Amino acid sequence: VKKKILFELRKLSGSYVSGEALSVQLGVSRTAIWKHVRELREEGYKIGSSSKKGYMLSAVPELNENEIKNGLQTIYLGRTIVYLETVGSTNTYAKKISLEGCHEGTVVVSENQTSARGRLGREWHSEGGKGIWMSVVLRPSIPPESVQIITLAAAVAVVKAIQYVTGIEAAIKWPNDIILNGKKLCGILTEMSCEMERVNFIVVGIGINVNHSEEDFPQNLRKIATSLKIFSQSIKNGDSHSYNRSAILKRLLFELEQMYNVINNCPSNKIDVDLNTNGNAVIAENSDSLTKEDSNSIVNEWRKYSLTLGKEITVIARGGEYNGIAVDITSDGRLIVLANDGIKHEILSGEVSIRGF
Ligand code: BT5
């Protein structure tokens, strides 16, 4: 009922809807309407009331389950949202519910993370209420060695969503950093549970710095991290601009779903959504494994936004460091590096620093 009340208030946002009309339309008492309105207010919805005219919605919270779902253009990504005020790590939470059999496309979002993680156990700073801290559960029918393509797709989805909603053009540093003005705007942590030849599930964790001011970052990150707000301030002579996190998140899910359909061999006209029988949202009629053509189309998108290709880089590998040029990327997401000694390497993971950064 609460969702229906919100739906009705939203339809007439800016004008009053009478409590009587709502109670008739939704088949509940006026007291029930009043209780739900009170709850909505507690969740941050600004709802005016007048004994004669009824209720009027005048403002909505920036990020919550309703706001993400309102106008969401996806078929299965984000159709189940777990919204938490505080969590240790959205990735850890998503892995737990994946093991318990949650639906494909489930998204965990939190305002605050108390122990967010980067790769290799590094810390991820997640300032409360300022960023998008989220994890998406996927169950792709691809072999474990192809999973990197999903990280690349997620990076492209982030860049495209930011561009669509804010007009800001960020770039991707291989494999998982989104960079703006030479600083890190977003990081992606993909984790997987698999058997020898089969992926059980993947959790794609995405952290985007949105409405941070400089002071919201700890001292050690100020030189290397940025946010959309800091960037907008820098180009608008100090005027600060905050961005709507739900809008960015929604678009990100849309962009990611488009690419994931390609990866998972589910062109949208073949999608058969079956959420109840086996926990997988998408069952392709024709679920051949990932073809080279499919992954090439993702990699081609990735190339458009790459900051790494063509640059002189230093690769920090287990056996030591070497310098070279990032010449290309393979269809499964490995970076091809032509080292200064003439040897060509294909690297799947690891640290790369770009000369001049
Ligand atoms: C990453 O790791 O960049 C992956 C970050 C993924 C975070 C998301 S948030 C939602 C989900 N839940 C989680 O627990 N994690 C995911 P890596 O490439 O290892 O980079 C980590 C490094 O980035 C740190 O060592 C810092 O130097 C830097 N860093 C930490 N917090 C940052 C921030 N907010 N913005 C920019 N850089 C940051």
Side-chain angles (χ1 to χ4, degrees), residues 63 68 78 81-98 106-138 147-148 150-152 154-155 157-159 162 170-192 201-231 245 248-249 252-253 256 307-308 315-316 333 335 347-354 357:
L63 183 75
I68 297 167
I81 304 257
V82 180
Y83 174 81
L84 304 161
E85 264 309 306
T86 300
V87 70
S89 147
T90 56
N91 261 39
T92 307
Y93 193 96
K95 282 201 283 187
K96 180 175 150 283
I97 60 172
S98 299
T106 298
V107 172
V108 180
V109 191
S110 186
E111 286 290 357
N112 297 282
Q113 296 186 105
T114 51
S115 46
R117 293 177 285 113
R119 294 176 302 157
L120 306 170
R122 288 186 281 242
E123 280 178 23
W124 181 258
H125 175 77
S126 348
E127 185 68 17
K130 302 280 171 157
I132 296 174
W133 321 127
M134 65 183 279
S135 301
V136 185
V137 176
L138 299 172
V147 159
Q148 173 92 323
I150 293 184
T151 304
L152 301 191
V158 170
V159 173
I162 288 173
I172 307 168
K173 176 173 169 278
W174 186 89
N176 70 331
D177 291 353
I178 311 297
I179 305 289
L180 190 57
N181 238 0
K183 292 180 170 181
K184 186 156 167 170
L185 178 72
C186 159
I188 299 171
L189 174 67
T190 305
E191 298 183 286
M192 117 172 116
F201 63 82
I202 290 178
V203 169
V204 185
I206 301 174
I208 310 176
N209 304 320
V210 180
N211 291 325
H212 301 55
S213 306
E214 292 281 355
E215 318 73 74
D216 293 323
F217 288 111
Q219 201 71 42
N220 64 326
L221 288 182
R222 287 186 195 166
K223 279 211 174 92
I224 59 166
T226 192
S227 75
L228 293 173
K229 182 174 173 169
I230 293 172
F231 180 77
R245 289 173 294 153
I248 297 171
L249 204 162
L252 197 172
L253 292 176
L256 185 58
L307 197 69
T308 312
V315 179
I316 301 132
L335 190 68
I347 51 175
L348 180 60
S349 65
E351 292 305 312
V352 160
S353 64
I354 301 176
F357 261 96

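Order of listing sets the numbers, starting from 1, for every ligand and every atom in it. A quick note: this is a predicted structure, and the numbers were derived from the prediction, not measured.
- The aromatic rings of Phe217 and His125 sit tilted relative to each other, their planes meeting at an angle between 30° and 60°.
- With sequence neighbours left out, Asp177 forms a side-chain hydrogen bond (donor to acceptor under 3.5 Å, both in side chains) with Lys184.
- By the side-chain hydrogen bond (donor to acceptor under 3.5 Å, both in side chains) test, Asp216 pairs with Lys130, sequence neighbours left out.
- Scanning for side-chain contact (heavy atoms from CB on, under 4.5 Å) contacts around Ala155 gives Ile172, Ile178, Ile188, with sequence neighbours left out.
- With rounding to the nearest 0.5 angstrom, the OG atom of Ser110 is 9.5 Å from the CG atom of Leu63.
- Ion pairing of Glu127 with Lys229 is absent here, as no side-chain N (NZ or NE/NH1/NH2) approaches a carboxylate O to less than 4.0 Å.
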Inventory of protein N or O atoms under 3.5 Å from ligand 1 N or O:
{"residue": "ligand 1", "atom": "2 (O)", "partner": "Arg119", "partner atom": "N", "Å": "3.1"}
{"residue": "ligand 1", "atom": "3 (O)", "partner": "Lys184", "partner atom": "NZ", "Å": "2.7"}
{"residue": "ligand 1", "atom": "12 (N)", "partner": "Thr90", "partner atom": "OG1", "Å": "3.1"}
{"residue": "ligand 1", "atom": "12 (N)", "partner": "Gln113", "partner atom": "OE1", "Å": "3.0"}
{"residue": "ligand 1", "atom": "14 (O)", "partner": "Ser89", "partner atom": "OG", "Å": "2.7"}
{"residue": "ligand 1", "atom": "14 (O)", "partner": "Arg117", "partner atom": "N", "Å": "2.8"}
{"residue": "ligand 1", "atom": "15 (N)", "partner": "Arg117", "partner atom": "O", "Å": "2.8"}
{"residue": "ligand 1", "atom": "18 (O)", "partner": "Arg119", "partner atom": "NE", "Å": "3.1"}
{"residue": "ligand 1", "atom": "18 (O)", "partner": "Arg119", "partner atom": "NH2", "Å": "3.3"}
{"residue": "ligand 1", "atom": "18 (O)", "partner": "Lys184", "partner atom": "NZ", "Å": "3.4"}
{"residue": "ligand 1", "atom": "19 (O)", "partner": "Arg119", "partner atom": "N", "Å": "2.8"}
{"residue": "ligand 1", "atom": "19 (O)", "partner": "Arg122", "partner atom": "NE", "Å": "2.7"}
{"residue": "ligand 1", "atom": "19 (O)", "partner": "Arg122", "partner atom": "NH2", "Å": "3.0"}
{"residue": "ligand 1", "atom": "20 (O)", "partner": "Lys184", "partner atom": "NZ", "Å": "3.0"}
{"residue": "ligand 1", "atom": "31 (N)", "partner": "His125", "partner atom": "N", "Å": "2.9"}
{"residue": "ligand 1", "atom": "34 (N)", "partner": "His125", "partner atom": "O", "Å": "2.8"}
{"residue": "ligand 1", "atom": "34 (N)", "partner": "Asn209", "partner atom": "OD1", "Å": "3.1"}
{"residue": "ligand 1", "atom": "35 (N)", "partner": "Asn209", "partner atom": "ND2", "Å": "2.8"}

